[in-house]
Amino acid sequence: MNTEDDHQLQVVGADIDDDRFHDECGVFGVWGHPEASKLAYLGLYALQHRGQESAGIVTSDGKELRTHKGMGLVREVFSESTLKKLKGRAAIGHTRYSTAGPSAHLNAQPFTVQCSKGQLSIAHNGNLTNGWELRRELEASGSIFQATSDTEVIPHLMARSRETTLRHALRESLLRLEGAYSLVLLAQDRLIVARDQRGFRPLSVGKLETPDGKLAYVFASETCAFDLIQAELIDEVQPGEMVIVSNEGISRERFAPELPKAQCVFEHVYFSRPDSRVFGRSVAQSREMLGRILARESPVPADCVIAVPDSGVPAAIGYASESGLPYRLGLIRNHYVGRTFIEPTQTMRDSRVRQKLNPVRDIVEGQRIILVDDSLVRGTTSRKIVRLMREFGAKEIHLRISCPPTISSCYYGVDTPSSSELIAANQTVEEIREFTGADSLAYLSLGGLRKSVESLADDCCYACYTGKYPTDLVGVEILTSQSQK
Ligand code: 5GP
Ligand code: MG
């Protein structure tokens, strides 16, 4: 199976992908390891698919925080010598993808501040739905912001807190936040992580033995980061939980009462790597089930099943096993598509899709094909791929999407476009079929999606498929229009 995830295409070709706007991130933290900066580097490297615009690491040697961050991929931002300069046994890291722009580097995380609580650095995955509101309030009473990201309100709230301990100041600040946050915070003498009360975004805690025989703790958005550094997963950080690690050891506490969980189901549909466990469940398992249930719900006579690589692969394999049809590699993905490229010629239609995907003529020609993709957002990619398959002689193309129609935007950290650009928000399935040029089109049902994530079903957020948001969204429109500038 092709394990490289679809967002790899963003990694190597951020500017050639389907003009999709992201504000997704990966976070990492380590405490108590002599090579903390190296582990953070490797952790971020494994989380690269969660964000490709900028990367940053901050370390603490017990006295001082040191930062290195920049625009680009993890491997471009850090060198061996920069990692060496990041001294200390504790580190946090962040990888981010958002809109490009002249001030984008200002938004690179972690953010470090010096305040009455000492030096603090923070990295955040998720979107605060009241971030803009809080920012206006803080600015009105004199706070000066450096960046346009919502994350910056957190250190500002902490700096203002009358609470004297870091833990209490953080707790007080977190209680003012609404929306999604999985965050890692580094002070000189401790690492604190926290996850919002509904657990929108993932965050796991793990451990590993250090070369000097001690125990180090690690935190990451996805467990694939633990695999790379050979750490062992302990548990998820629970929604509403704060974990503090210092020289005194590890302590876990609930900072807020339990709320109904709203863990992002799109992590299982598309966003996380299949080799991760997310929300306590294997992503690979969910994806294969998505495909199996899709096959049960929407069978069609055909000769073979072909995936849109890479993200469509696990669902296509599931579809094939369930339907008894052969799974065939009929679309090949070029993994080396560069950041900058030369547009072949003006007249070459769909050259962007062609650069990354090419049909295998001998597999496609004359065949009735079930083409499986994980999601259909704007519909433009699917339309190009269907056209391409036809050009290579496909007889019939039956498009199968392993999630329900995406009808509403996400305000919790996955940047689906605004609903005017979401094809399913504006057109019927039949109209979308016509737009893509497929012979038939079927999406997975919401019930099918719920079944695929099994025991997680009642603990997920499905807002992008239902329009039912688990939080109040007052002020969100202003926040998104501001943060997209
Ligand atoms: P569309 O048909 O909307 O143009 O594109 C659908 C394709 O985009 C699918 O192959 C799906 O894997 C991919 N996709 C879905 N969500 C995202 C996302 O957030 N970022 C990127 N780069 N691709 C996405
Ligand atoms: Mg894809």
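Each ligand, and each atom within it, is numbered from 1 in the order the structure gives. The figures here come from the full heavy-atom set of this structure, side chains too, leaving out hydrogens, waters and symmetry mates.
At least one heavy atom of Phe266 sits less than 4.0 Å from an atom of ligand 1.
When side chains are defined from C-beta on, Phe266 counts as touching Tyr465, because their heavy atoms get closer than 4.5 Å. With contacts defined as side-chain heavy-atom distances shorter than 4.5 Å, the pair Phe219/Ser182 does not qualify.
Using a 4.0 Å cut-off to heavy atoms of Arg378, the atoms of ligand 1 that qualify are 1 (P), 3 (O). Here is the list of ligand 1 atoms found below 4.0 Å of a heavy atom in Asp374: 9 (C), 10 (O), 11 (C), 12 (O). In the vicinity of Thr380, heavy-atom distances shorter than 4.0 Å reach the ligand 1 atoms 1 (P), 2 (O), 4 (O). Of all atoms in ligand 1, listed by their number and element, those nearer than 4.0 Å to a heavy atom of Ser311 are 12 (O).
Within the 3.5 Å criterion, the main-chain N or O of Gly437 finds a donor-acceptor partner in the side chain of Arg390.
Residues Ser440 and Arg400 bring a donor and an acceptor atom of their side chains to less than 3.5 Å of each other. Between the side chains of Asn426 and Ser420, no donor-acceptor pair of N or O atoms lies under 3.5 Å. A donor atom on one side chain and an acceptor atom on the other are not found under 3.5 Å apart for Thr471 and Glu178.
Both the backbone and the side chain of Thr381 come within contact range of ligand 1, each with a heavy atom under 4.0 Å. Contact annotation: for Ser375 versus ligand 1, heavy atoms closer than 4.0 Å belong to both the backbone and the side chain. Heavy atoms of Tyr270 found under 4.0 angstrom from ligand 1 belong exclusively to the side chain. At a heavy-atom distance under 4.0 Å, atoms from both the backbone and the side chain of Val377 approach ligand 1.
Of the residues Arg281, Arg273, Arg50, the one that meets the salt bridge (Lys or Arg N to Asp or Glu O under 4.0 Å) test with Glu267 is Arg50.
Because the distance cut-off is set at 2.8 Å, Ser311 qualifies as a neighbour of the Mg ion (ligand 2) through one of its N, O or S atoms.
At least one N/O-N/O distance between Gly379 and ligand 1 falls below 3.5 Å.
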Test side chain to side chain contact (heavy atoms under 4.5 Å, CB included) applied to Phe200 and Arg195, step by step: CA-CA 8 Å; Phe200 283 104; Arg195 194 162 163 226; over 6 Å; no
